[in-house]
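Worksheet for the structure shown next.
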Amino acid sequence: MRRTFHYAIPERLRGVLQAGSRVLVPLGRRQVTAWCVGLVDRPAVEDPKEVLAVVDPSPVVDTAMLRFTRWLADYYGASWGEALEAALPAAVRHGAGKAVEHRVSARVPPEELRERSRACLGRAPARSRVLGTLAEAAEGEVPLARLLERARAGPASVQALVRQGVLRVERCPVRRDPLEGLEVGATPPPTPTEAQEAALKAILPAVEAGRYEASLLWGVTGSGKTEVYLRVIEAARLQGRGAIVLVPEIALTPQTVRRFVARFGSQVAVLHSHLTGAQRAHQWARLASGEASIAVGPRSALFAPVGRLGVVVVDEEQEGAFKQEQRPRYHGRDAAVMRAHQAGCPVILGSATPSLESWNNALTGRYRLLRLPGRAAGSLPRVEVVDMAEEFAEAGGFRLVSERLLEALGRALAAGGQAIVLRNRRGHATHVHCPRCGHVVRCGACDVAMTWHRRRGTALCHYCGAAREVGTRCPECLAGELLYWGSGTERVEEFLAGRLPGVPMGRLDSDTMLSREAYEKVLGAFERGEVRVLVGTQMVAKGLDFPGVTLVGVIGADATLNLPDFRAAERCFQLLSQVAGRAGRGPTPGRVLVQSFQRGHYALEAAVAHDYEGFARRELTYRRSLGYPPFGRLLAVLVHGRDPARTGGFAREVARALGSALGPTVPVLGPVPAPIPRLAGRHRWQCLVKGRGLADVRAALAALDAVSPPGRDVQLVADVDPA
Ligand code: ADP
Ligand code: ZN
């Protein structure tokens, strides 16, 4: 539905109805809520039907937002309505939510939760997931909404457990303003360094003139980029204008928030995903009324009602998390550039390791490149590769953590430092298999190996959430003794606890971090030095600024290099650079040890040498030769459905339609089975259009509009600029 319709405005609503309000209108035989996107004197159709009622007494989006969402829908092949819906938080759309939040806690110890979880595995899977999820959480009290979302369960399963006396649900009043009571020490802003001064000098004229201009602010972590953002925002404020600052969700740590609040006080509205509906609606209203003028949040903050935009900032612009994985599948960074363009204000993209797209834009002069060399405080850490093939040969077998890393850990801790260990897989063992018959424990509904979660005592599917009990014997041949292969954060933590007795550790992954409180508690303990070693997934790689960290260890970050993804090298390089940036932010120089089986890979070598430019040069050559972004534009098409034959058949039809619409010069790859060929019981096929430019992508979207799936079950997902 990419169309707009005309309706007549009855006498009683004339002068009342404005563009940007929702209305009730007849559509066929139904009545639907629709957006009034504009008023015209003459309808394009004869005898239009009448608007029945106005839902919003005053517009809920302004004309700038109408224009922006229209572009967004158009560009990403979504409907305007979907884009408008993405623009308004549900709580704002449905009227502000209640100022209470339901929180769940256990009335029995964690062991009993686990036992009960296993006991009702087959009989009541949702209940089992609720119990298991809660047992793994680091903090006892969890918001109900989050628990249900993580456990993929409905409220009924929690109610049943409350009746059994296992869980307790409490209604807790929430502070309307999540920033209330946040302690911020007002430290005077530092004097800008020469490089910061130069960057400001380049950006500020556009702020003062209210002119669009894109800058890529390139500087390693700790080089003082945030300080530049703060100063630019200050300048915008002096012009009576506001700002939008996009950060990856994960970087919305209390640390980041505190810095903005310390500088701008109540002018800041923070929009992270842990807000309750009421809190979100409150922050939204503060921005809409002009009481606050600086929106800080993840990609959805792009739609924040900042009236007069003075600057848009995208920090860590290379982050894949800016891409929304539901319709409309927009990329927060690219959409931010358009938002600034439409608003007539500068946009700053900041990164230590820019995306190849932005880097290329800087090379070709579309973006201005501003560089912050070196660190404002501290120095760059020394990065070393631990060759695991050598370790393997020496130790006569596989080692999870090398002797070299263990020794370095011991030394760093003895010297009073702290350490971060990255293992970008959660769980205990990444797969369970039988050495006798080769059987691998797989999810019944997805084509993936299940991950063993030891504390929880079950294997889990990381894609659909299904849980299953596995014993010591192979369920297939009934003879082999199962092996638990591959290691996640849970096993790494356990291993290190065994080798470093008495050293307090913390774990940061999406299993343990079910609430914002849990996250803040672990980080708080780490900040105070009560936790000395922090083990975690990519959660530990981003945004953390702890001067006490002198050592970073990386376990198997290069495993992703083998994934069939043209961004694999870029992702690996970025993750390594990011996590390395956590070390040596204080006076003591940092050291980083990367365990790898792929010594010699250019992504790894470049990360070791802190050589972004060298990496980008190689990577761009490769991308150019294969027509990948930034030298081509991709459209990924996914077809999924329950019936394998009908799904596959439709995927072939889609590929044919794309092929004939685009002609022989535009490669259409596929259909091939998706990397996960079956997910939650649905078969998945994909096609990839390697467009030369935007026109090819548009032609492909038009071709997709013309094919229709064979029935409701088969669905088509089109993803423009897939991440
Ligand atoms: P980035 O955003 O690039 O990671 P930050 O802006 O967070 O860098 O700066 C890193 C650290 O250096 C912070 O603790 C910050 O307070 C400090 N800092 C930034 N600019 C200056 C400056 N001009 N003088 C002294 N310290 C600075
Ligand atoms: Zn599954």
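Atoms within a ligand are numbered from 1 in the order they appear, just like the ligands themselves.
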**Report entry** Nearest neighbour of atom 22 (C) of ligand 1 from the list Pro190, Ser223, Pro192, on a heavy-atom basis
**Finding:** Pro190
Query raised in the report: Any chance OH of Tyr463 has more than 12 other-residue heavy atoms, nucleotides or ligands included, within less than 6.0 Å?
Result: no
Requested in this report: Side-chain contact test, heavy atoms from C-beta onward, threshold under 4.5 Å: evaluate it for His453 versus Arg426 and give yes or no.
Outcome: yes
Report task. Apply side chain to side chain donor-acceptor pair (under 3.5 Å) to Arg152 and list each qualifying residue two or more places apart in sequence or on a separate chain. Result ->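 Per chain and number, Arg152 pairs via side chain to side chain donor-acceptor pair (under 3.5 Å) with no residue.
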Do [Y] and [X] meet the salt-bridge criterion of a basic N to acidic O distance under 4.0 Å?
X	Y	value
Asp713	Arg682	yes
Asp719	Lys323	yes
Glu227	Arg231	yes
Glu213	Arg368	yes

Query raised in the report: Listing by chain and number, what protein N/O/S atoms are under 2.8 Å from the Zn ion (ligand 2)?
Result: Cys443 SG, Cys446 SG, Cys461 SG, Cys464 SG
Query raised in the report: Do any N/O atoms on Gly219 end up under 3.5 angstrom from N/O atoms on ligand 1?
Result: no
What atoms of ligand 1 come closer than 4.0 angstrom to any heavy atom of [X]?
X	answer
Thr193	23 (N)
Arg259	5 (P), 6 (O), 7 (O), 15 (C), 16 (O)
Val220	3 (O)

**Report entry** Steps toward side chain to side chain contact (heavy atoms under 4.5 Å, CB included) verdict (Leu349, Val337)
**Finding:** CA-CA 9 Å; Leu349 310 179; Val337 172; 4.2 Å; yes
Report task. Please confirm whether Asp315 comes under 4.0 Å of ligand 1, counting heavy atoms of the residue only. Result ->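 No.
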Report task. Assign the ring pair Tyr612 / Phe615 to parallel, tilted or perpendicular, where the plane angle (0 to 90°) is split at 30° and 60°. Result ->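 Taking Phe615 first and then Tyr612, their aromatic rings sit tilted (interplane angle of 30° to 60°).
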Report summary line: Quick look: Val228 vs ligand 1, heavy-atom contacts under 4.0 Å, and the answer is neither
